[in-house]
2 protein chains.
Amino acid sequence: MALLSKSCVYGIRAAILMAIKGEKEFISIKDIAEELNLSAHFLTKILQLLTQEGLLISHRGPKGGVKFSRPAKNIKLIEIVAAIDGMELFEECALGLHGCGTATPCPLHEKWAEHKIVLRTLFETENLEKLADNVQDAGLRLRTLSQLDIIEFNNTKMQK
Amino acid sequence: MALLSKSCVYGIRAAILMAIKGEKEFISIKDIAEELNLSAHFLTKILQLLTQEGLLISHRGPKGGVKFSRPAKNIKLIEIVAAIDGMELFEECALGLHGCGTATPCPLHEKWAEHKIVLRTLFETENLEKLADNVQDAGLRLRTLSQLDIIEFNNTKMQK
DNA sequence: TTAATTTAGGATAAAAGAGTCTTTAATACT
DNA sequence: AGTATTAAAGACTCTTTTATCCTAAATTAA
């Protein structure tokens with residue numbers, strides 16, 4: 001099991017790319033999808049969720065696309081996750097026991113409740129501007145199926 | 001998205017119940033399933049994974065069932081998770097970028113790498129004996145579909 | 001040896017997640 | 001007005017997860 005669904009990581013990658021590309025103009029979903037090596041149709045669906053949540057503004061027609069409804073600095077990573085995967089990860093019992101709480105806790109309740117706060121704080125303190133800056137500063141990665149992967153794979157092998 | 005798959009939380013709940021019931025005798029999967037309100041067939045499949053990993057010993061026929069291959073105290077929670085969900089949660093990139101590492105990190109790499117250690121430590125320091133003791137000490141919960149839920153639900157409503 | 005019990009394992013089905021394709025609606029440009 | 005572009009929306013497919021059911025194999029006890 002991964003921490004986040006595939007839809008969610010695609011949405012996050014797209015949002016970071018958008019933050020890199022600037023916030024003034026509408027960016028076409030097709031362009032984002034191409035840069036990230038994703039299906040444009042599928043990404044459209046995912047970004048629709050962000051539009052419906054009010055995180056993005058969309059515009060149809062030529063020169064259309066999507067852009068942030070507010071400065072990337074003011075959009076927290078957790079808002080993207082919440083819109084796509086929901087808040088379950090940050091709010092629910094680790095053993096899936098509905099209603100687990102201090103009154104009737106599960107055996108893991110105390111430890112997990114404490115940890116959830118840390119996890120949540122991590123996703124709340126990251127914003128899209130910050131993440132975009134990371135990419136620009138250090139030439140970090142956003143793509144999977146790219147030459148980067150192949151290069152790294154070869155490098156890794158050579159190091160051994 | 002939940003932290004753990006359903007199979008995994010069923011496996012954990014069953015393992016904790018087994019630890020409560022004692023480690024000497026074989027316990028029938030049917031009995032565990034009944035106490036936890038799960039499908040016995042489904043739980044059998046899940047516990048098979050634990051048997052295949054060597055965490056459990058199984059025995060067919062009358063008086064058969066499953067029991068731990070070593071003292072519950074020596075079985076870490078992370079071992080159950082690893083056998084059912086795998087180690088992805090504790091080892092992989094949060095943005096699903098294969099090969100994300102210090103060489104070619106994703107924008108979230110540093111923060112997540114740091115956090116993964118904390119998460120992993122949590123699951124490594126919990127063992128089945130400890131979790132079972134939690135249940136016994138405080139009358140904690142292991143079941144979902146039980147009267148307990150209904151009672152708590154009503155209590156919660158009344159508190160508002 | 002027969003019958004009952006219990007895990008193992010395969011076949012199948014239902015539900016959810018992931019992904020594709022087609023049509024529709026909005027809009028900009030000529 | 002007409003055409004090209006782009007997101008929205010729905011139908012559809014494929015895969016994985018979740019769950020059920022049936023048969024086989026092992027084992028105990030009578």
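Chain letters run A, B, ... following the sequence lines, proteins first, then strands; residues in each count from 1.
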Would you say B/Ser58 places a side-chain N or O within less than 4.0 Å of OP1 or OP2 belonging to C/dA8?
yes

Has A/Tyr10 got a side-chain N or O lying under 4.0 Å from the OP1 or OP2 atom of C/dG19?
yes

Does the A/Lys67 side chain pair with the main chain of A/Glu25, one donor and one acceptor, at a distance under 3.5 Å?
no

Hey, which sits more toward the 5' end of DNA chain C by its nearest nucleotide, B/Arg60 or A/Ala40?
B/Arg60

Any salt bridge linking B/Glu91 with B/Lys116? Criterion: basic side-chain nitrogen under 4.0 Å from a carboxylate oxygen.
no

Test your reading of the model: is there a side-chain donor-acceptor pair from A/Ser69 to the backbone of A/Gly54, 3.5 Å cut-off?
yes

Let me know the distance between CZ of A/Phe26 and P of D/dT5, rounded to the nearest Å.
19 Å

Rounded to whole angstroms, how far apart are CD1 on A/Ile84 and P on C/dG17?
13 Å

Among D/dA7, C/dT7, D/dA9, find the nucleotide with the atom closest to the side chain of B/Ser28.
C/dT7

So what does B/Leu47 hit on the nucleic acid, given a heavy-atom distance under 4.0 Å: a base, only sugar-phosphate, or nothing?
nothing

Just the rounded figure in Å: distance from C1' of D/dT6 to CG of A/Leu56.
15 Å

Whole Å only: how far is the CZ atom of B/Phe42 from the C1' atom of C/dG9?
15 Å

Quickly work out the A/Leu49 CG to D/dG10 P distance and round it to whole Å.
13 Å

Roughly how many Å is it from CG in A/Leu43 to P in D/dA7, rounded to a whole number?
9 Å

Rounded to whole Å, how long is the line connecting atom CD1 of B/Ile32 with atom C1' of C/dT7?
12 Å

Within the modelled atom types, does a donor on one side and an acceptor on the other bring the side chain of B/Lys30 and the base of C/dT7 under 3.5 Å apart?
no

Is there, by distance only and without an angle test, a donor paired with an acceptor across the side chain of A/His41 and the base of C/dT22 below 3.5 Å?
yes

Can you say whether the rings of B/Tyr10 and B/Phe42 are parallel (under 30°), tilted (30 to 60°) or perpendicular (over 60°)?
perpendicular

I'd like to know if A/Lys6 reaches the base of D/dT16 with its side chain such that a donor and an acceptor end up less than 3.5 angstrom apart.
no

Distance test, side-chain N/O of A/His59 to OP1/OP2 of D/dT5, below 4.0 Å:
no

Under the criterion salt bridge (charged side-chain N to carboxylate O under 4.0 Å, His left out), I'd like the reasoning laid out for B/Glu35 against B/Lys30: C-alpha separation, chi angles, the key distance, then a yes or no.
CA-CA 9 Å; B/Glu35 277 206 57; B/Lys30 191 173 148 240; over 6 Å; no

In whole Å, what is the span from the CD1 atom of A/Ile46 to the P atom of C/dG19?
8 Å

Measure distances between side-chain N and O atoms of A/Lys45 and base N and O atoms of C/dG17, and say whether any donor-acceptor pair falls under 3.5 Å.
no

